[in-house]
2 protein chains.
Amino acid sequence: MSTKNFPHTSKDKRAVSVPKHDVFHAIADPTRRQMLQLLADNELSIAAIAQFFPISRTAVNKHLHILAEAGLVSCRKAGRETRYKLEPEPLAELKTWLSFFEQYWDERLAALKHLVEADEEPS
Amino acid sequence: MSTKNFPHTSKDKRAVSVPKHDVFHAIADPTRRQMLQLLADNELSIAAIAQFFPISRTAVNKHLHILAEAGLVSCRKAGRETRYKLEPEPLAELKTWLSFFEQYWDERLAALKHLVEADEEPS
DNA sequence: TGTTTTCAACACCAAAAGGTGATATATTCA
DNA sequence: TGAATATATCACCTTTTGGTGTTGAAAACA
């Protein structure tokens with residue numbers, strides 16, 4: 001394939017304003033997935049979250065920023081702490097994406113069932 | 001948090017036999033997601049796949065290896081070409097993971113609806 | 001046989017990811 | 001005011017990621 005659909009500007013990435021961290025990327029990291037589960041039931045500060053992981057608060061903060069960029073968490077200042085909570089809506093994109101493939105694995109299951117049933121009555 | 005739940009072996013990663021590339025990681029890359037969609041309907045060789053992307057065949061090959069490691073594609077030698085096709089089953093893990101969060105965004109929608117209704121009869 | 005095709009494997013590179021510690025900044029409280 | 005706390009931000013480091021080109025082996029075919 002040609003690359004002509006790529007702009008002439010070779011290394012200008014300034015004005016792109018690309019989201020950069022989408023939902024798919026955000027949930028790729030197992031630590032971030034655990035954080036989402038943790039924040040599903042509790043609104044927690046960074047320090048509270050950090051207690052559950054063997055990494056520094058700075059690292060926790062970075063993960064939270066990535067999750068926030070993807071819209072999966074929101075934060076609220078409460079005095080001197082910042083409390084984070086889950087925002088599950090962006091996961092709908094994932095669900096939509098998945099639904100495209102569901103037909104294929106439904107087909108697979110149907111084919112498999114067919115095979116098993118055919119096996120019960122040998123040719 | 002302490003790190004004592006981590007084994008004493010400091011940098012021994014030999015015997016772990018870690019999968020290394022799980023489904024979540026595999027679908028994090030947009031190119032790989034497009035490849036999955038492409039392979040959903042067609043069983044294609046590397047050269048054929050590479051025609052759809054502005055990257056080298058070597059790069060395509062790497063992406064396919066990552067997808068194969070996650071179990072999302074399988075390959076079959078046909079003469080001198082290797083044909084790849086979709087294996088949708090591992091996406092079930094994603095679906096399962098998602099289902100955990102569905103209750104939360106269902107709750108959200110319910111709460112939102114409640115708010116809207118409450119708004120109709122001001123306090 | 002030799003040539004072409006298709007891929008796999010290798011070395012290499014730049015950028016991003018995930019982590020660290022150190023240093024602000026802002027808030028609470030004595 | 002000063003001290004303690006909670007977080008944000010900065011500079012830095014190492015590993016991984018996504019890409020490149022080159023090389024080499026196996027299959028197809030003249």
Side-chain angles (χ1 to χ4, degrees), chain A residues 1-3 6 10-14 16 18-35 39 43-70 73-85, chain B residues 1-3 6 10-14 16 18-35 39 43-70 73-85:
Chain A
M1 158 169 285
S2 78
T3 60
F6 282 32
S10 57
K11 47 184 62 178
D12 190 334
K13 289 190 178 180
R14 274 175 290 114
V16 187
V18 67
K20 191 182 180 185
H21 288 139
D22 63 350
V23 181
F24 291 92
H25 171 259
I27 66 163
D29 185 90
T31 300
R32 286 196 289 270
R33 289 199 298 277
Q34 287 182 42
M35 286 183 179
L39 294 173
E43 189 187 31
L44 295 173
S45 69
I46 292 190
I49 298 169
Q51 287 191 317
F52 291 89
F53 300 94
I55 59 177
S56 69
R57 292 182 192 192
T58 306
V60 170
N61 204 6
K62 283 192 187 179
H63 283 304
L64 287 172
H65 270 270
I66 291 172
L67 289 172
E69 228 179 315
V73 300
S74 65
C75 61
R76 172 176 71 89
K77 300 239 30 164
R80 55 188 157 185
E81 11 180 81
T82 310
R83 302 241 180 84
Y84 285 80
K85 69 172 177 182
Chain B
M1 153 168 285
S2 77
T3 59
F6 280 34
S10 58
K11 48 183 62 177
D12 189 334
K13 289 189 178 178
R14 274 177 287 114
V16 188
V18 65
K20 191 180 181 185
H21 287 139
D22 64 350
V23 182
F24 292 91
H25 172 259
I27 65 164
D29 185 90
T31 301
R32 286 196 289 270
R33 289 200 297 278
Q34 286 182 42
M35 285 182 181
L39 294 173
E43 189 185 32
L44 295 174
S45 69
I46 293 189
I49 298 169
Q51 287 190 317
F52 292 89
F53 300 93
I55 59 177
S56 69
R57 291 184 192 191
T58 306
V60 170
N61 204 8
K62 282 192 185 180
H63 283 304
L64 288 171
H65 270 271
I66 291 172
L67 290 172
E69 228 180 313
V73 300
S74 64
C75 61
R76 171 176 71 87
K77 303 238 31 163
R80 57 188 157 182
E81 14 180 79
T82 310
R83 303 240 179 84
Y84 285 81
K85 70 172 175 182

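Proteins get letters first, then strands, A, B, ... in listed order; numbering begins at 1 in each. Note that the structure is a prediction, hence the values are computed from the model and not measured.
One finds the CG atom of B:D29 at 9.0 Å from the CD atom of B:Q34 (value rounded to the nearest 0.5 Å).
In terms of the side chain to side chain donor-acceptor pair (under 3.5 Å) criterion, residue partners of B:H63 (sequence neighbours excluded) are, by chain and number, B:R32. B:E43 is linked by a side chain to side chain donor-acceptor pair (under 3.5 Å) to B:R76, counting only residues two or more places apart in sequence or in another chain. Qualifying side chain to side chain donor-acceptor pair (under 3.5 Å) partners for A:S74, counting only residues two or more places apart in sequence or in other chains: A:E87. With sequence neighbours left out, the side chain to side chain donor-acceptor pair (under 3.5 Å) criterion links A:R33 to B:D22.
Across the protein-nucleic acid pair, A:I55 atom CD1 and C:dG21 atom P stand 12 Å apart, rounded to whole Å. One atom, CD1 of B:I46, and another, P of D:dA26, lie 17 Å apart when rounded to the nearest Å. Atom CD1 in B:I27 sits roughly 17 Å away from atom C1' in D:dT17 (whole-Å rounding). Counting to the nearest Å, the P atom of D:dT7 and the CD atom of A:Q51 are 11 Å from each other. One interatomic measurement links the two molecules: CG of B:L44 to C1' of C:dT6, which rounds to 15 Å at whole-angstrom precision. In this entry the distance linking CG of A:L67 with C1' of C:dA17 reads 14 Å, nearest Å. Residue A:D29 contributes atom CG, which lies 11 Å from atom P of D:dT17 at whole-angstrom precision.
Distances shown here put every side-chain N or O of A:H25 at or beyond 4.0 Å from the OP1 or OP2 atom of C:dA16.
Side-chain contact between A:L39 and A:K85 is absent, with no heavy atoms from C-beta onward closer than 4.5 Å. Looking at B:I66 and B:K62, their side chains never come closer than 4.5 Å, going by heavy atoms from C-beta outward.
Shown for residues 56-65 of chain B: residues whose heavy atoms fall under 4.0 angstrom of DNA chain D, namely B:S56, B:T58, B:A59, B:K62, B:H63. Within residues 75-84 of chain B, the residues having any heavy atom closer than 4.0 Å to DNA chain C are, in order of number, B:R80, B:E81, B:T82, B:Y84.
Closest heavy-atom contact between B:I49 and B:L44: CG1-CB, 3.7 Å. Here the shortest heavy-atom pairing between B:A68 and B:V73 reads N-CG2, 3.5 Å.
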